[in-house]
Number of protein chains: 2
Amino acid sequence: MSNAYNRPDQLSPELRRRVLETARRLGYPGPDPVARSLRTRKAGAVGLLLTENLSYAFRDPAAVGFLEGLALACEDASQGLLLVPANPEREDVAAVHRAGVDGFVVYSVPDDDPHLAAVLERPVPTVVCDQPELDTVDRVGIDDRAAITQIASHLIELGHRRVGVICMRLARDRNDGFVNVDRQHTAHFHVQRARLEALATAFTSANVDWTSIPVVERFDHSIASGASAAAQLLDRDPQVTALICTSDILALGALGEARRRGLRVPQDLTITGFDGITESERAGLTTVRQPVMEKGRAAGKLLVNAADHNRPRTVTLSTELVIGTTSAPPRITEGALVRPVIL
Amino acid sequence: MSNAYNRPDQLSPELRRRVLETARRLGYPGPDPVARSLRTRKAGAVGLLLTENLSYAFRDPAAVGFLEGLALACEDASQGLLLVPANPEREDVAAVHRAGVDGFVVYSVPDDDPHLAAVLERPVPTVVCDQPELDTVDRVGIDDRAAITQIASHLIELGHRRVGVICMRLARDRNDGFVNVDRQHTAHFHVQRARLEALATAFTSANVDWTSIPVVERFDHSIASGASAAAQLLDRDPQVTALICTSDILALGALGEARRRGLRVPQDLTITGFDGITESERAGLTTVRQPVMEKGRAAGKLLVNAADHNRPRTVTLSTELVIGTTSAPPRITEGALVRPVIL
DNA sequence: AATTGGTTCTTGACCGTTACGGTCACTCCA
DNA sequence: TGGAGTGACCGTAACGGTCAAGAACCAATT
């Protein structure tokens, strides 16, 4: 029976024809995929765990790019891609337990996320992306510190000293507002923490007191959030000459807010982003381009041939500073003595 | 055992604790999801079948919107969403057979697609979207004829008689070029066929000989395709005063080609799209907006409560004509006697 | 005629759950 | 004290495949 469907060479064409014919007559719909998976111990699918509500993932171009790459890798390996409904609000770990998959990809979740813990308990290979190193699973990412340090150096060279930072959510709790240094260091999103720390290091080396730098956090990752964050920051500290955003989406929002206030970019205000999505290319944003699609593809490949490797593998992809038209030397304001540094 | 995990109320806390404790000691990773699915006859996931390579789906904003809506509905129902790796090039129907899902959503595939046939053979509920009516499955869509007729009427009112049409692929075989009437009628993509037929009807009623209207087809759905199609059409028939595109993506490409040729839009050339994606809003495109996200959500909902309904259900969503800045009366050319019609 | 080799076909043990029904101890009340 | 009622616990039988091992058959060789 099984052979009739799966191994046509094992039986005579005549018998095969008869078997299939009676199967159809009896209304047999073909082998049940679940039963087959149980027996063969292969689900033929890869699970994807995301921070956000599933639907959010489709709003963020960077996430869409990641998905595209991952889907590509899955397709190459004839694997399905299962989006796991892990709503971050309810702690619905059951969805992770119920996922019939051969492995997981975990994309940018907080390091204390219960879903992540649930995934790690499952006896299947796992690849994390944009996460801190774990000694049991493979990992894909970029050098966030180096990347954002390029932004910082660029701004420092231009002469910016009074800067503001707009970042994405730092933990699972909502905190739309200013961030003290303590929260910066205990941030549960590895990527955000790394970027903030690198910024602190860079500006401290330039003799800027990091504790005086305003950092505004937003829970939702949207253009509107970027705009409101920029508004909050500029209201409190109108003297800043540059806004460093940890994502392009936030930067695009900040650009909108600057325009709304009649601030010319970059003459009155410099704005930088992070990711290098196509929308920001159109806007001429100064940013760091990271290969989002490649990240997805690398994660998929790592998972698909997760054969034998004793120690966890890490793939670090390269990034590229893109200097656009939204960064320039700061305007000379009264009281401030600022001079571009030529190295 | 099972109870310890799934029904804590069925046993004493003491026993539960003991069971779980020894389970951990023995390295038991928790109930196997596949075996559970086999037993309970529930996979906890919805399968999605797409025309394109999986990765293509993430490039087209309309498809992404559909995905977003579908993901939303799945999340609400705590269902996973499995992207089935159905490469349209190889006829790899096996992927459909291997998908462990409780139902399928089929999104805009040709009506003779073997994957679709394979889905229909599976004994699970199915919802098709942008497909012709089938007497066994539920259906989500819009009134494509009415929608594009609005575009046609708009152009006819403006006075356009010499128009060109740019459409997406009409069948599984690649045919990048002009389309004769026969191919138009035998098109296997329901949406494209319906739109072309409605256009034919509308222009015939306006005393335009439809067979003289150039229709250019493109296999790939991309901005570049739209541009090359527009070039091909304008090369052959420079007299056309309007380009009707059956998708916004194609229209955006046509816009680019017009600009490249120094044609002013809308003074020299009118261009219309279809879908209403955000990118085209920015471009001021005249188009028909359809609720792509709602389509996905409706499909998901239909599938999730696919309980008892003897006859297949159909959800038809509404569309809206959006008149932008890319449509205007045709320029008066020598030889052509054209006068706007006031109805 | 017996042995060997090579097909083709049949059989049955497993994969890991959960549903279900039965057992058993214990309480409660007449 | 006996019998019904209750709740906790346990054993077993599917669920629907796959796959390897063996049975049956036929042909060719010894």
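Chain identifiers are assigned alphabetically (A, B, ...) following the order of the sequence lines, protein sequences preceding nucleic acid strands; residue numbering begins at 1 within each chain.
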For residues 34-50 of chain B, run the donor-acceptor check on the side chains, cut-off 3.5 Å, and write out each pair with its distance to 0.1 Å, sequence neighbours left out.
residue, atom, partner, partner atom, Å
S37(B), OG, P33(B), O, 3.1
S37(B), OG, K42(B), O, 3.1
T40(B), OG1, R36(B), O, 2.8

With rounding to the nearest 0.5 Å, note down the distance linking [atom1] in [X] to [atom2] in [Y].
{"X": "M293(A)", "Y": "L70(A)", "atom1": "CE", "atom2": "CG", "value": "11.0 Å"}
{"X": "I142(A)", "Y": "D275(A)", "atom1": "CD1", "atom2": "CG", "value": "8.0 Å"}
{"X": "D112(A)", "Y": "H188(A)", "atom1": "CG", "atom2": "NE2", "value": "4.0 Å"}

d([atom1], [X]; [atom2], [N]) in whole Å:
{"X": "H97(B)", "N": "dT18(D)", "atom1": "NE2", "atom2": "P", "answer": "12 Å"}
{"X": "L20(A)", "N": "dC9(C)", "atom1": "CG", "atom2": "P", "answer": "13 Å"}
{"X": "K42(A)", "N": "dT18(D)", "atom1": "NZ", "atom2": "C1'", "answer": "13 Å"}
{"X": "L38(B)", "N": "dA19(C)", "atom1": "CG", "atom2": "P", "answer": "12 Å"}

With sequence neighbours left out, the residues meeting side-chain hydrogen bond (donor to acceptor under 3.5 Å, both in side chains) with D173(A) are R183(A)
Bend of the helix from dA1(C)-dT30(D) to dA30(C)-dT1(D) from end-axis comparison, five pairs per end, nearest 10°, comes to 60°
Any L302(A) side-chain heavy atom under 4.5 Å of V105(A) side chain: no
Is there any protein nitrogen or oxygen under 3.5 Å from a nitrogen or oxygen in nucleotides 19-23 of chain D, and what are the pairs?
residue, atom, partner, partner atom, Å
dC19(D), OP2, R7(A), NH1, 3.4

Contacts satisfying ring-ring contact (aromatic ring centres under 6.0 Å, His included) that involve residues 66-119 of chain B (not counting sequence neighbours) are F66(B)-Y107(B)
In short, salt bridge (Lys or Arg N to Asp or Glu O under 4.0 Å) pairs touching residues 129-138 of chain B with sequence neighbours left out are D130(B)-K295(B), E133(B)-R139(B), D138(B)-R313(B)
Of dT17(C), dG17(D), dC15(D), the nucleotide closest to the side chain of R41(B) is dC15(D)
